[in-house]
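Below: one structure, written as structure tokens.
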Amino acid sequence: MELGPEKLKDMYRRMVVIRKFEEHIYDIYTRGLMPGLAHLYIGEEAVAVGACAALRDDDFIASTHRGHGHLIAKGGRIDRMMAEVMGKVDGYCRGKGGSMHIADMSLGILGANGIVGGGLGIITGAALSARMRKTDQVALGFFGDGALNQGIFLETVNMAAIWKLPVIYLCENNQYGEYTAASKVTAGHDLCARAAAFDVPARQVDGLDILAVYEATQWAVDRARSGEGPSFLLCQTYRYRGHHVGDQNTYRTKEEIEQWMARDCIRRLASRLTAGGSASEADLRAVDEAVEAEVVAAVDFGLHSPMPDPREVVEHVFA
Amino acid sequence: MELGPEKLKDMYRRMVVIRKFEEHIYDIYTRGLMPGLAHLYIGEEAVAVGACAALRDDDFIASTHRGHGHLIAKGGRIDRMMAEVMGKVDGYCRGKGGSMHIADMSLGILGANGIVGGGLGIITGAALSARMRKTDQVALGFFGDGALNQGIFLETVNMAAIWKLPVIYLCENNQYGEYTAASKVTAGHDLCARAAAFDVPARQVDGLDILAVYEATQWAVDRARSGEGPSFLLCQTYRYRGHHVGDQNTYRTKEEIEQWMARDCIRRLASRLTAGGSASEADLRAVDEAVEAEVVAAVDFGLHSPMPDPREVVEHVFA
Amino acid sequence: MPRKLTFAQAVREAMAEEMRRDPAVFLMGEDVGGAGGVFKVTVGLLEEFGPERVRDTPIAEAGFMGLAVGAALTGMRPIVEIMFGDFITLAMDQIVNQACKLRYMSGGQARVPLTIRTTLGAGRSSAAQHSQSLHAWFAHIPGIKVAIPSTPADAKGLLKSAIRDDNVCIVFEDKMMYRLEGDVPDGDLPIPFGQADVKRPGEDVTLIATSSMVHVALKAAELLQKENISAEVIDPRTLVPLDREALVQSVRKTGRALIIDEGHQKYGVTAELAAVIQEEAFDDLDAPVARLGAADVPVPFSTALEFETIPNEARIIAAVKATWGPDGKKR
Amino acid sequence: MPRKLTFAQAVREAMAEEMRRDPAVFLMGEDVGGAGGVFKVTVGLLEEFGPERVRDTPIAEAGFMGLAVGAALTGMRPIVEIMFGDFITLAMDQIVNQACKLRYMSGGQARVPLTIRTTLGAGRSSAAQHSQSLHAWFAHIPGIKVAIPSTPADAKGLLKSAIRDDNVCIVFEDKMMYRLEGDVPDGDLPIPFGQADVKRPGEDVTLIATSSMVHVALKAAELLQKENISAEVIDPRTLVPLDREALVQSVRKTGRALIIDEGHQKYGVTAELAAVIQEEAFDDLDAPVARLGAADVPVPFSTALEFETIPNEARIIAAVKATWGPDGKKR
Ligand SMILES: Cc1ncc(C[n+]2csc(CCOP(=O)(O)OP(=O)(O)O)c2C)c(N)n1
Ligand SMILES: Cc1ncc(C[n+]2csc(CCOP(=O)(O)OP(=O)(O)O)c2C)c(N)n1
Ligand SMILES: [Mg+2]
Ligand SMILES: [Mg+2]
């Protein structure tokens, strides 16, 4: 599917929502308004938005501890996300989940996840379910380079392959797992080979190029929807910030960070939009400002939402 | 290393010990003299013996639920093995382990294992230990095609690769995991790719050809001993009998079984020995007879060994 | 009209009936299809329901449990068989961190109608990695219901309830009981979780027993009767939810209790039941609550050793008598 | 001369001293090297001992636990760090089926000198997958010793014993205590497993508390003192082996006991300790043994909810008073 200018502008907008959402997370976190851990997605926006642009509303995603971007890309409401990360009752999970567990079952968002690789079983099972329920839904699992070293990757990809399940494994290789370089703990010069070994078609993608991500995902979605089975996408990307807010970032050089930032995925799409005449600088500035207002309103929504009633602690253990 | 006629005859002898040991296991099992489960190795002898022929006494192996062959190949005493499978006090484990848990730490036999894939961590750790203790010991792990689908395979091979550990992963592809054909549950047209994805050199081997197994293992041992890291061997083989004694074998055709049996690994080495003039038919018959007597003696040893004192039940929980 | 069924047949009937009733129900596990399961529990299901709904998996316990969680989240009602209870150690993250917590973490959005069937129990000379009874672990974790049936009828009724439940349920089947026969009532009769069952009424002492230990307790009760000790045998049937009231009431009546379970004794099921009873029936207790779990050793292979680890009639009788003290008097 | 150390420093000192003493001791885990651990417990060890002995692993809990088992079997003495206790669910097969059973299954041939360090405890708004206290699971399994220190001194002494032990030992560190300061004696002083410690003597009631709950119990004891209730606070320090005698003796003296532990209450540590005490001190008990575990719900994220799940001073005081009955009299 060709992307028209409206779709491209919408994709630009979503990336900006993620970026600004995360900047505000940083802000509220450092101001002590958000407890727990905050894993920022800043720098990786093109992956989530490019991938979700190829999905339908009724398709499924599974996300990670670094999940805000995926959720927003799939249509999550940022006000309820903000309330959730603050532990408020209007949050997606009534304050029970926090940043690492936001889900919106109505949007096919099967949850962020606190376990590295924790989404792989879930998303493969959702694909199995789509098949058994005879829908043409597709399931896309986001996971990091770190999860490539968890055994569950082998087990789920193997089952997806033998059963030709409509699932897309999207690895966000942001080059680090916590404070350790992926290259230090991840064997093999070609990580796509880890999927190809199961005869699962695999593509490496420039994760800073949202159109490349979109096209690769569209290819994988087409395969899945038409019954051809699973695919694997290895998106090369980078997180600008630390592993979580508070990380001192001592394991990376300033130069390395700057090199990646120089290729910023949002600016890249902006240039394309302006160069191609789809939008003017002013148009984009207007988008940025509108988004900023929206995110500020979301923060406000969160701040004003009440805490859950302590008696809710015993609710929702069982259905 | 070239194999001289004496070594070849010793390898022949060991294969025969395994074959006859297992036939007697079948016999004592069906006569009710051995409780629990008996997983016979008959048909696969060339793999264990060929591989262990390339190992030193102080090298390590880890084995599986189908472990008798590996243990005998590495030098295990068949009398103590027989006593063990009967639950007797002179068994390797004083009757505590049984067929699935025989170990001889003094021979570097780190144990059979009741968990599919259970030996993979152990053997990789033994390789790590060899490295850290600055010995040149090598560690070889046997495992089935079924274990290829367990996540622990990915995790351990990855670590062996990044740390260049002296370990050999030897997969015995006997075409089935219990009653299910490997081809039905194992994705990928080339299973060697599962190791190659980690840049671990991999070779497919005719597991019925003991010399091929020996040579491939020697190649892997040389790599390991000289610090070049792990290797993967995929040995194609076949178990003649059911998954365990009592299995009705309904999931395989008679033709398939006969085709594999026609290429019997013991007869193959026998022909080579006689054709090459290293041994006469009579020599081999003498070996067979001597082995038969030895195995009968082992059965006797087991039968005459006493049961452990019930008070031993609380011993050996802790050192 | 009750029919005589084996435990295995009863379990199979429960699955077959639920699969007929609801197309969302399906079964997955190792060799559950063509082979009918290593314990022959699932024989015939593949033929009736086909390979999509009776799914042979690779040997990948974590992986297929994970798939089941995802399928349950999205409209299916999987039954997962873990062949030997020992292998569930490979799927603990999927069960405990994912399945049991998703509903709570999502603030009630998620529903995980997942049923896990697995085995417990020693006695088959299967040694330490094929004989464990790990049910206490699951009873400890919020978000999962735990059934531990002792008869074919209970096995069928409880499994039907589990499959219909919108929550994660685990059912432990003692592999030594699969051939045990018992009356199973006709008809669609799920047994609600949280209802203990008095398997034998009595007056002098309460034997609370689970799974196959119920039968050992019943035999011990008969022997005790010969010595004029009348033992009531109660089977909680589910550990979560636990029918505290039924257990406590019985002990209030008898004044004495012995708990028998095949999990290891220390930090196991017997501890919780003993703690509950002494909490709630303290004033009526004539002796401390006694307990008998499996020995705190790995299960040994040799028949000379294995049975030393499992509670038996003699030990039950001795433990009951000990509640009267050495002189046979009230302590 | 005792020095003031934080809990984290004490743990680090124990590892550093043992690594200096014995070249077979080494540490592996995620980010334990360059980063010094996510809780900064291992800072400086990489610099002193190098990357072979302070080994950053891939994110592969089952895998590196498996490697540690193999290394322990063949002459090394690994210390494995599992960052959050919740992640140990991924390594249960390696620990429970392999490490804990190899010695027994091999009839005493194998030796597995493996030390596992991991965390427990809620209170950091880390939600349900980063807050569990799963120590009861391990205490249930034969073949593993379980320590659960409450002070920097105990943490150091117990960890040193664990590392020197020829068996599998697991040490649970409450992540909320890493910055807690306390006196730690100089010198090489391993604390033997199986010795409870009276953290505060008292006469009227025994509070048995574990890990960080010891400090909550001590605060509650102070408040109770103001109401003229003298509480003895005992810390078992190790769950396996358990110093039954020390616990029972205290309760014999006071006649009342409350167990406090941060694992879930049902089928947890409090159950075993309550069962043991009522078994052995039955005749001296003036009230049922009371217990206070974490609420039987997954740990929620919101600060408005999370602290509702953890035992606190007010609940301890209420539970203690309840042992006297509503009228303040002996029940
Ligand atoms: C099973 C498990 N082990 C360890 C952790 C701790 N942890 C949280 S994030 C993380 C790194 C993950 O790296 P990656 O998968 O590359 O994702 P990224 O953070 O880079 O997005 C680790 C080790 C965890 N959450 N789960
Ligand atoms: C973790 C685990 N899952 C399941 C089993 C049950 N089981 C025992 S042997 C076996 C098949 C193993 O197949 P393979 O690895 O190919 O070895 P083979 O029996 O063919 O030698 C299975 C599923 C087990 N022992 N461990
Ligand atoms: Mg990463
Ligand atoms: Mg096989």
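Residue numbering restarts at 1 for every chain, and letters A, B, ... go by the order of the sequence lines. As the structure is a prediction and not an experimental result, all values here were calculated from the model.
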Chain C heavy atoms under 4.5 Å from [X]: which part of the residue, side chain, backbone, both or neither?
| X | result |
| --- | --- |
| A:I152 | side chain |
| A:Q137 | neither |
| A:L120 | neither |
| A:V313 | both |
| A:F153 | neither |
| A:D104 | both |

Can you tell which of C:G75, C:S106, C:P23 has the highest number of heavy-atom pairs within less than 4.5 Å of chain A? C:S106

Quick one: of C:K145, C:R111, C:R55, who has the most non-hydrogen atom pairs under 4.5 Å with chain A? C:R55

Say whether, by atom type as modelled, one donor and one acceptor occur between the side chain of [X] and the main chain of [Y] under 3.5 angstrom.
| X | Y | result |
| --- | --- | --- |
| C:T115 | C:R77 | no |
| A:Y169 | A:F143 | no |
| C:T238 | C:A147 | no |
| A:Y92 | A:R77 | yes |
| C:Q109 | A:M105 | yes |

I would like to know whether C:F84 and C:H130 meet ring-ring contact (aromatic ring centres under 6.0 Å, His included); could you show each step before the answer? CA-CA 6 Å; C:F84 283 79; C:H130 286 72; 4.6 Å; yes

Can you pull out every salt bridge (charged side-chain N to carboxylate O under 4.0 Å, His left out) where at least one residue sits in residues 87-110 of chain C? Sequence neighbours excluded, please. none

With a 4.5 Å cut-off on heavy-atom pairs, point out which of [options] contacts chain C the most.
| options | result |
| --- | --- |
| A:A130, A:P308, A:G125 | A:G125 |
| A:M100, A:R94, A:R131 | A:R131 |
| A:N113, A:L110, A:L154 | A:N113 |
| A:G97, A:A126, A:G95, A:G118 | A:A126 |

Start with the C-alpha distance between A:D79 and A:K88, add both sets of side-chain angles, then the distance that settles salt bridge (charged side-chain N to carboxylate O under 4.0 Å, His left out), and finish with yes or no. CA-CA 11 Å; A:D79 51 356; A:K88 302 299 187 71; over 6 Å; no

Heavy-atom distances under 4.5 Å only: say whether [X] touches chain A with side chain, backbone, both or neither.
| X | answer |
| --- | --- |
| C:D166 | both |
| C:L102 | side chain |
| C:Q98 | side chain |

Charged tip of C:R53 within 45° of C:F26 ring normal and under 6.0 Å: no

Is there side-chain contact between C:I144 and C:N167, with at least one heavy-atom pair below 4.5 Å? no

